[in-house]
Amino acid sequence: EPEVTQTPSHQVTQMGQEVILRCVPISNHLYFYWYRQILGQKVEFLVSFYNNEISEKSEIFDDQFSVERPDGSNFTLKIRSTKLEDSAMYFCASKILAGVGDTQYFGPGTRLTVL
Amino acid sequence: DAKTTQPTSMDCAEGRAANLPCNHSTISGNEYVYWYRQIHSQGPQYIIHGLKNNETNEMASLIITEDRKSSTLILPHATLRDTAVYYCIVRVAPQGGSEKLVFGKGTKLTVNP
């Protein structure tokens with residue numbers, strides 16, 4: 001069964017450093033998402049992406065964040081200058097452009113630790 | 001998205017049915033009920049969704065009341081691996097848009113041996 005994959009599984013970085021989290025969505029999916037979950041808190045929406053553009057973003061997704069689909073398979077989240085409060089699990093999700101089949105499928109996540 | 005209310009936690013004996021309730025009294029006519037679960041810190045896993053009719057798949061059954069103000073997710077024979085946080089989410093009808101999922105705190109289901 002096709003799956004969303006994410007790399008790395010765990011990223012440790014120093015405050016102020018740039019990080020890139022990578023995702024490979026399910027191959028025929030067209031909508032892509034990033035969510036995050038701070039330890040012990042809810043899963044929060046960050047951004048959605050379709051047709052090489054951001055469709056929607058949350059208040060969390062400020063100028064320090066960016067997303068890109070550099071090729072036909074990868075979908076990346078970049079944090080330019082990490083802060084301690086960016087420490088969280090980051091989940092990528094994708095869905096196929098369809099009606100009833102509009103279900104988001106999530107990857108296993110990347111644990112980001114900012115020191 | 002309409003607000004949902006779920007119990008904070010529930011327990012279930014292994015092998016028995018787990019029935020997880022969700023109230024969504026302000027649901028609109030075109031809003032679907034989705035269920036996801038999250039095992040430990042893994043990515044949320046899709047379980048099932050429905051609009052009006054009851055639905056069943058290989059993982060679970062979804063029972064939606066006639067007035068659509070509440071629903072119940074049923075895991076027919078719970079196993080220890082079903083221990084997870086279960087999220088009930090109400091969404092507008094899928095139309096190919098970029099609709100985000102809004103997660104609440106969910107129900108922590110513990111399946112006991």
Side-chain angles (χ1 to χ4, degrees), chain A residues 1-6 9-10 23 25-26 29-51 53-61 67 88-113, chain B residues 1-6 8-9 22 29-60 62 64 73 81 84-108:
Chain A
E1 183 175 326
E3 293 180 337
V4 176
T5 59
Q6 291 185 242
S9 57
H10 191 187
C23 167
I26 295 173
H29 285 192
L30 298 176
Y31 280 91
F32 313 110
Y33 304 81
W34 284 101
Y35 293 79
R36 81 170 186 189
Q37 185 176 33
I38 295 171
L39 185 63
Q41 298 187 22
K42 301 178 189 178
V43 177
E44 303 173 286
F45 167 78
L46 291 178
V47 65
S48 59
F49 190 86
Y50 169 69
N51 198 25
E53 289 183 343
I54 290 175
S55 306
E56 184 177 358
K57 59 183 181 179
S58 71
E59 292 180 353
I60 303 168
F61 195 88
V67 289
M89 285 290 293
Y90 287 81
F91 298 109
C92 173
S94 69
K95 76 176 179 77
I96 193 168
L97 179 59
V100 178
D102 181 36
T103 298
Q104 292 182 32
Y105 294 94
F106 286 76
T110 292
R111 180 176 299 281
L112 177 64
T113 302
Chain B
D1 290 339
K3 184 177 179 180
T4 62
T5 304
Q6 298 178 253
T8 302
S9 63
C22 179
N30 64 346
E31 292 182 316
Y32 281 69
V33 179
Y34 276 75
W35 283 84
Y36 281 77
R37 72 180 182 183
Q38 188 175 26
I39 298 172
H40 194 45
S41 294
Q42 298 177 22
Q45 178 188 22
Y46 166 77
I47 302 173
I48 198 167
H49 73 281
L51 181 62
K52 296 180 182 178
N53 300 320
N54 298 337
E55 301 288 343
T56 296
N57 62 21
E58 65 278 4
M59 288 183 69
L62 174 61
I64 302 174
L73 178 75
R81 288 176 296 179
V85 178
Y86 287 77
Y87 300 100
C88 170
I89 300 170
V90 173
R91 299 178 56 197
V92 296
Q95 294 176 354
S98 65
E99 301 97 341
K100 63 190 180 219
L101 290 171
V102 179
F103 289 82
K105 294 183 179 180
T107 296
K108 169 67 175 172

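Proteins get letters first, then strands, A, B, ... in listed order; numbering begins at 1 in each.
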query: Between CD of Gln104(A) and CD1 of Ile89(B), what distance do you get to the nearest 0.5 Å?
result: 8.5 Å
message: For Tyr36(B) and Phe106(A), I'd like to know if the aromatic rings sit close, meaning centre-to-centre distance below 6.0 Å.
response: yes
- prompt: For chain A, which of Gly104(B), Gly106(B), Gly43(B) has the most heavy-atom pairs under 4.5 Å?
  reply: Gly43(B)
statement: Closest non-hydrogen contact found for Met89(A) with Ser41(B) is CE-O, 3.4 Å
query: Where on Gln38(B) is there a heavy atom nearer than 4.5 Å to chain A: the side chain, the backbone, both, or neither?
result: side chain
message: Is it true that, when you exclude Lys108(B) itself, more than 12 heavy atoms of the residues, nucleotides or ligands shown sit nearer than 6.0 Å to its NZ?
response: yes
message: If you count every heavy atom of other residues, nucleotides or ligands that lies below 6.0 Å from His40(B) atom NE2, does the total exceed 12?
response: no
field: Proximity breakdown for Phe32(A) and chain B, heavy-atom pairs closer than 4.5 Å
entry: neither
Chain B contact via Gln41(A) - which portion, at a heavy-atom distance below 4.5 Å: neither
statement: Checking Tyr35(A), Tyr33(A), Phe45(A) against Leu101(B) for side chain to side chain contact (heavy atoms under 4.5 Å, CB included), the one that qualifies is Tyr35(A)
query: Can you check whether Lys100(B) reaches Ser58(A) side chain to side chain, under 4.5 Å on heavy atoms?
result: no
- request: Examine distances only and state if a side-chain atom of Tyr87(B) and a backbone atom of Val43(A) form a donor-acceptor pair shorter than 3.5 Å.
  value: no
